[in-house]
Colleague: 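Below are the structure tokens for one structure; questions will follow.
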Number of protein chains: 2
Amino acid sequence: MSQRVKIRQVLQDERTNYEVTVKGWVRTFRNNQFIALNDGSTNNNLQVVVNEADMDPATFRRITRGAAISVTGQIIPSLGKGQRVELKTASLEILGDCDAEAYPIQPQKQSLEFMREIAHLRFRTNTFGAVFRIRHSLAFAVHQFFHLKGFVYLHTPIITASDAEGAGEMFRVTTLDMKNPPRNEAGEIDYKEDFFGRSTNLTVSGQLEGELGAMAFGDIYTFGPTFRAENSNTARHLAEFWMIEPEMAFYELKDNMDLAEEFIKYVIKFALDNNREDLEFLTQRLADEEKQKPQAERSEMGLIEKLEFVLNNEFERITYTEAIDILRNSKPNKNKKFTYPIDAWGADLQSEHERFLVEKHFKKPVILTDYPAAIKSFYMKQNDDGKTVRAMDILFPGIGEIVGGSQREENYDKLVARMNELNIPVEELYWYLDTRRFGTAPHAGFGLGFERLVLFVTGMTNIRDVIPFPRTPKSAEF
Amino acid sequence: MSQRVKIRQVLQDERTNYEVTVKGWVRTFRNNQFIALNDGSTNNNLQVVVNEADMDPATFRRITRGAAISVTGQIIPSLGKGQRVELKTASLEILGDCDAEAYPIQPQKQSLEFMREIAHLRFRTNTFGAVFRIRHSLAFAVHQFFHLKGFVYLHTPIITASDAEGAGEMFRVTTLDMKNPPRNEAGEIDYKEDFFGRSTNLTVSGQLEGELGAMAFGDIYTFGPTFRAENSNTARHLAEFWMIEPEMAFYELKDNMDLAEEFIKYVIKFALDNNREDLEFLTQRLADEEKQKPQAERSEMGLIEKLEFVLNNEFERITYTEAIDILRNSKPNKNKKFTYPIDAWGADLQSEHERFLVEKHFKKPVILTDYPAAIKSFYMKQNDDGKTVRAMDILFPGIGEIVGGSQREENYDKLVARMNELNIPVEELYWYLDTRRFGTAPHAGFGLGFERLVLFVTGMTNIRDVIPFPRTPKSAEF
């Protein structure tokens, strides 16, 4: 038997008339003759041609949709349409049977909702094969981008006792007996008895620890899971998601924006260069979906076109104050079409406002900067105007906020004053404040929600379809 | 002001007599003249030469150990020993002061134990700078190795309702009110009211979900945090650690061993090629440490020598049965030096036995295969002998088990029979068993504890010193 090769390699190989062994799963079996074989290395199938007359009948009958097989034979030019080469079977072995009737994946179109119920099998479909190969490429591109720039990948902790950032509701991590937890004299739960000797949670962000790394290595990034215990059952929220958080010493806000824009373009280009077939499949898929919609709701651009548009255009950079002016004078605001009308400076921007700016007004990604301090986090650098901070949010069409970042307040006194204003416990964060006591320096960073990036690049619309096993309220299957 | 460049780049640049701006932290300030400046991009410092007479006295006084500064000047050939070039200061700005007296990092040698107490600052030392830059390189090499082989990086879930693998004690994840949790009619905690509508934990392994990916993509790997709620206060255990788990369809045990050996050698070579200076520093550090030990306990090889030895030698591959024979007839067994004497086939190997095989008998990494089924997990492929399974453990000198893996039982009936023997709930793992119902195929995989790899490559001896912020019983600082 010749050595097994992957189907991606066979399809890329320009040779014909050589022997190979391939192993994979039967996607379809047509006319008792043509097997479409897929091994997951590419969305494209290899056409395997069998001749019933040459085969053991018992084996032949076991060639069913979903079965795992091993085939050895010659790669020859294909006479049929739709493929350049095909495999002429010399020997075929059934590795694993599949009862095609019972197999949950059926040849006709099945809904994404149903696919979520069989998430353990959905990787075997064209759509999810493409989505998760692209997810892989984006993840690799993240690491490669930062590695080539000399950033240190820092594994910030997942379990944390820090609850100071206030980024969201948290999950408790405990080994205490829930039925009968230890209590102290005051009747409160005694977390001194818990595994870590204190109350602990799942992290909502690695930023604060990331800053510790930046103040030693200069440039660091994190890429790990983060958690929100928010009861949000939407197409944009997960309880467990992956986040990328670079943090850079000696960066100011503009450097931060430049890096974020370069970064996003790099990873999108990587997918375009490495996942062309998957993206072409998803472009077609999205076009088919769009046909179901009324004309007015359809996207102006196809998926690949949209990705190339982002690559080839500079992100619009405006301040919050400029954005408020645009929104206040906008048609939907004047015609009272916004659910939250924009009256005055200081309003927090809602999804409808972000969408207007990105999708209607500028028609491209927008970086909003210098937000009111009151609606942003304590650690952001205070501007001299006394009311705004050096924040930046990147807004993407169809996605909304994909990046949130800021220059950090490096001045110890200003930072402590702000923490006191917000009742953030200064003592608990002594370690964070130490960076401002010992050799502080200007620095900045941002966070990118990885699944939102995957949504954008794949054209999928529900975030549960771009993470292998989504965790959402009342659901932790598989 | 010229553009800021990183010190690594300055030191690699062969030119002299050009202007640069560098930013970093003062490591030492000698003779009121020579600043050793470090920006984290390399362990090596740039010598910055200042002339007190040219400087503002107030600024000059603020050049202290730990301070962050920005310096612009000419890179010129150095007349002093120990460096090829130095920076002749034209202008110097203090970015952040540091009270050198109060600064916890002092110039004299400080213990690793103390460094753990100031883990938020320890990245700023030579030892931890080197360790975490190497950790970064190893992590990147992991991704690059698998990417180049066409593996899909699969983010398996961190929060899981599956508690079936039995790999260890687990942490509960909950949003229930600990003081007054909801109870059902029987008085039990009502986890239906919990965030996910069921009882959930932190994952101990992504393997089972990884197998789902392998049976669609062919080759996948995970690289994420895993958790053990074990009360083990040792130099080898963490409650939170990072694990790499590749899983490959159509692989048998030998393929699995070949891949694991190639993988380990690839990432070690990557560190040797990319972190030479850090490794030289750690080699010297280890040599100094060894001098404190009695002659008999010292390593025969230096750190870099040991890494090159691993690269240049094939791992020894023997079966468990062969290992038992060797151990039974070994001097320490006959002389009753083992705490757990080896009498009979079937005994679980202890650390002392593994060390004997690796460090005394073979003197190189060893792959042990075909363990008794009784001491291994339910999912391992059963051999025809009816008593062993196709497991493999890779044992490393000084580390012990660094990899554990196996070919998986792909036969539905055999797998279910084994689960029933071990009282593993078959219904709960229906999704796992579906891979054996629908197109099952031979497959295999392994898990590598990332921190153990970092320990081996850096020559550090306590696992708390190779993860940024260790989580251990009674400790979750920072």
Colleague: Taking the six-membered ring for Trp, are Phe270(B) and His147(A) parallel (under 30°), tilted (30 to 60°) or perpendicular (over 60°)?
Modeller: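 Taking His147(A) first and then Phe270(B), their aromatic rings sit tilted (interplane angle of 30° to 60°).
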Colleague: Output the option from Phe140(A), Tyr432(A), Phe478(A) having the highest count of non-hydrogen pairs under 4.5 Å with chain B.
Modeller: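 Greatest number of close heavy-atom pairs with chain B: Phe140(A).
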Colleague: At a heavy-atom separation under 4.5 Å, does Thr472(B) approach chain A through its side chain, its backbone, both, or neither?
Modeller: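 Thr472(B) touches chain A through backbone heavy atoms alone.
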Colleague: Can you confirm whether Leu176(A) sits close enough to Glu193(A) that some side-chain heavy atom of one is under 4.5 Å from a side-chain heavy atom of the other?
Modeller: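 A side-chain contact exists here, since the closest heavy-atom pair is under 4.5 Å.
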Colleague: Count the heavy-atom pairs under 4.5 Å between each of Thr64(A), Asn38(A), Asp39(A) and chain B, then report the option with the highest count.
Modeller: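 Ranked by contacts with chain B, first place is Asp39(A).
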Colleague: Which atoms of Arg183(B) come close to chain A, meaning under 4.5 Å heavy atom to heavy atom: side chain ones, backbone ones, both, or neither?
Modeller: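 Only the side chain of Arg183(B) comes within 4.5 Å of chain A.
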Colleague: Given a strict heavy-atom distance threshold of 4.5 Å, which part of Ala102(B) is in contact with chain A: side chain, backbone, both, or neither?
Modeller: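 Both parts, backbone and side chain.
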Colleague: Is Glu410(B) in contact with chain A via its backbone, its side chain, both, or neither, using a 4.5 Å heavy-atom distance?
Modeller: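 Neither part.
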Colleague: In terms of heavy-atom proximity below 4.5 Å to chain A, should Arg198(B) be classed as side chain, backbone, both, or neither?
Modeller: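 For Arg198(B), the contact with chain A is made by the side chain alone.
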Colleague: Side chains of Asn126(B) and Arg27(B): does their closest heavy-atom pair fall under 4.5 Å?
Modeller: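 Asn126(B) reaches Arg27(B) side chain to side chain.
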Colleague: One pair to check against side chain to side chain donor-acceptor pair (under 3.5 Å): His143(B) and Tyr221(B). What are the steps and the verdict?
Modeller: CA-CA 9 Å; His143(B) 288 297; Tyr221(B) 73 105; 2.7 Å; yes
Colleague: Check whether Ile105(B) gets within reach of chain A through its side chain, its backbone, both or neither, counting any heavy atom under 4.5 Å.
Modeller: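 Looking at Ile105(B), nothing touches chain A.
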Colleague: Describe, in one word, how the ring planes of Phe171(A) and Phe227(A) are oriented to each other, choosing from parallel (under 30°), tilted (30 to 60°) and perpendicular (over 60°).
Modeller: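 Correct class here is perpendicular.
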Colleague: So which residue, Tyr103(A), Phe146(A), Trp25(A), Phe151(A), ends up with the most heavy-atom pairs under 4.5 Å with chain B?
Modeller: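 Option with the greatest count: Trp25(A).
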Colleague: Which region of Phe450(B), side chain (C-beta onward) or backbone (N, CA, C, O), has a non-hydrogen atom less than 4.5 Å from a non-hydrogen atom of chain A, or is it both or neither?
Modeller: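 For Phe450(B), side-chain heavy atoms alone lie under 4.5 Å from chain A.
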Colleague: Does any backbone or side-chain atom of Lys6(B) lie under 4.5 Å from a heavy atom of chain A? Answer side chain, backbone, both or neither.
Modeller: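 Only the side chain of Lys6(B) comes within 4.5 Å of chain A.
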Colleague: In terms of heavy-atom pairs under 4.5 Å with chain B, which of Arg135(A), Glu211(A), Arg133(A) leads?
Modeller: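 Option with the top pair count is Arg135(A).
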Colleague: What part of Ala67(B) is in contact with chain A, defined as an atom under 4.5 angstrom from a non-hydrogen atom: side chain, backbone, both or neither?
Modeller: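 Only the backbone of Ala67(B) comes within 4.5 Å of chain A.
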Colleague: Heavy-atom distance under 4.5 Å to chain A: side chain of Tyr191(B), backbone, both or neither?
Modeller: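 Looking at Tyr191(B), just its side chain touches chain A.
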Colleague: Run Leu138(A) and Val142(A) through side-chain contact (heavy atoms from CB on, under 4.5 Å) and show every step you take.
Modeller: CA-CA 6 Å; Leu138(A) 291 170; Val142(A) 168; 5.5 Å; no
Colleague: Name the region of Pro225(B), side chain, backbone, both or neither, that has any atom closer than 4.5 Å to a heavy atom of chain A.
Modeller: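 Pro225(B) touches chain A through side-chain heavy atoms alone.
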Colleague: Quick one: which of Asp278(A), Asn274(A), Asn275(A) gives a side-chain hydrogen bond (donor to acceptor under 3.5 Å, both in side chains) with Ser137(A)?
Modeller: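 For Ser137(A), the side-chain hydrogen bond (donor to acceptor under 3.5 Å, both in side chains) check succeeds only for Asn275(A).
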Colleague: Please state whether the side chain, the backbone, both or neither of Tyr430(B) comes within less than 4.5 Å of a heavy atom of chain A.
Modeller: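 Answer is side chain: those atoms of Tyr430(B) sit under 4.5 Å from chain A.
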Colleague: Tell me, yes or no, whether the heavy-atom count around Lys192(A) atom NZ, taken from other residues, nucleotides or ligands under 6.0 Å, exceeds 12.
Modeller: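 No, NZ of Lys192(A) has 12 or fewer neighbouring heavy atoms, counting only those of other groups under 6.0 Å.
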Colleague: Which label fits Tyr153(B) and His155(B): parallel for a plane angle under 30°, tilted from 30 to 60°, or perpendicular past 60°?
Modeller: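 Tyr153(B) and His155(B): tilted rings.
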Colleague: Need one label for Glu477(B): side chain, backbone, both or neither, based on atoms under 4.5 Å from any heavy atom in chain A.
Modeller: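 Both backbone and side chain of Glu477(B) come within 4.5 Å of chain A.
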Colleague: Below 4.5 Å from any heavy atom of chain A, which atoms of Trp242(B) appear? Answer side chain, backbone, both or neither.
Modeller: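 Side chain only.
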